[in-house]
Amino acid sequence: MKIQDNLNVPKQNQGASHDTHEKRCFDNAQLAQEFFEIAKNRLLNINHWKEIAGELGSEFKLLKKDGEHINRNPEMGDFVQISVPGLSNPTADGHDYVQVMEVHESQTPQPKISFTVRPCSNPKVEEDREIAHFYGLYATSTFAVQLQDNCVIASVHGRNELPQTTVEGFTEKLRNALVAVGGILGAGKIQWKLLTAGVLQEID
């Protein structure tokens, strides 16, 4: 599947990487453009990703810079709280956290939107600077929806995925290694396959 360039995906330097894509095509440009807007809104609705991806996935909540839960599109500097089913994070109130580093939207040569997140510390605890995520600081995930001719493509791009092992406790290190290795070996890709499929799900 040919993916449009300039999705602002960070460079791969270390660890694992993955690219997950789903595509849906239409009979004409108008239908494709209309569905692009629907898919874009689904992708940006982070608080409803669990519903979009199905009940087997993780739960996501968008937080403002002060850690307060908010219901809007993500902006640079926001945080996302992640609840991994069955493997809560003992170092950060049971959750993992990422921060929105970039948001890009363009209409040329065809419409596309993407945003990139990176592991971070718990935004609810000001003095906490320890990375609260199963991946290390340099891992990124880029989420995108783009229009390509009469097709809409949803994609997730993981880069530089290595387990976060700088935490002090053995339990925390073991948990991060289990979740990270599971993600590298395919569990993470399944999660993003469910999300991209949900973003492009047919309207009832």
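All values below were derived from every heavy atom in this structure, side-chain atoms included, with hydrogens, water molecules and symmetry-related copies excluded.
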Report summary line: side-chain contact (heavy atoms from CB on, under 4.5 Å) filter on S114, not counting sequence neighbours, yields N8, H104, T142, A144

Requested in this report: Could you tell me whether a side-chain N or O of W49 sits under 3.5 Å from a main-chain N or O of L43, the two making a donor and an acceptor?
Outcome: yes

Let me check something: any side-chain donor-acceptor pairs from residues 28-35 under 3.5 Å, sequence neighbours excluded? List them with distances.
from : atom 1 : to  : atom 2 : distance (Å)
N28  : OD1    : Q30 : N      : 3.2
N28  : OD1    : L31 : N      : 2.9
Q30  : NE2    : E34 : OE2    : 3.1
Q33  : NE2    : E37 : OE2    : 3.3

Report task. Could you pull out all residues at least two apart from T140 that satisfy side chain to side chain donor-acceptor pair (under 3.5 Å)? Result -> none

Query - Any residue meeting ring-ring contact (aromatic ring centres under 6.0 Å, His included) with F115, in chain and number order, not counting sequence neighbours - result: F143

Requested in this report: With sequence neighbours excluded, tell me which residues meet side chain to side chain donor-acceptor pair (under 3.5 Å) with K65.
Outcome: none

**Report entry** salt bridge (Lys or Arg N to Asp or Glu O under 4.0 Å) partners of residues 7-21, not counting sequence neighbours, each pair once
**Finding:** D19-R159

Query raised in the report: Do the side chains of V145 and R42 get nearer than 4.5 Å, heavy atoms only?
Result: no

Report task. Look at the side chain of Q110 and the backbone N and O of Q146, then say whether any donor-acceptor pair between them is shorter than 3.5 Å. Result -> no

Query - Sequence-distant partners of S106, side chain to side chain donor-acceptor pair (under 3.5 Å), two or more places apart - result: none

**Report entry** Sequence-distant partners of N71, side chain to side chain donor-acceptor pair (under 3.5 Å), two or more places apart
**Finding:** N47

Requested in this report: Answer with yes or no whether the side chains of S83 and H95 bring together a donor and an acceptor at under 3.5 Å.
Outcome: yes

Query - Pairing residues for E105 by the salt bridge (charged side-chain N to carboxylate O under 4.0 Å, His left out) criterion, not counting sequence neighbours - result: K40

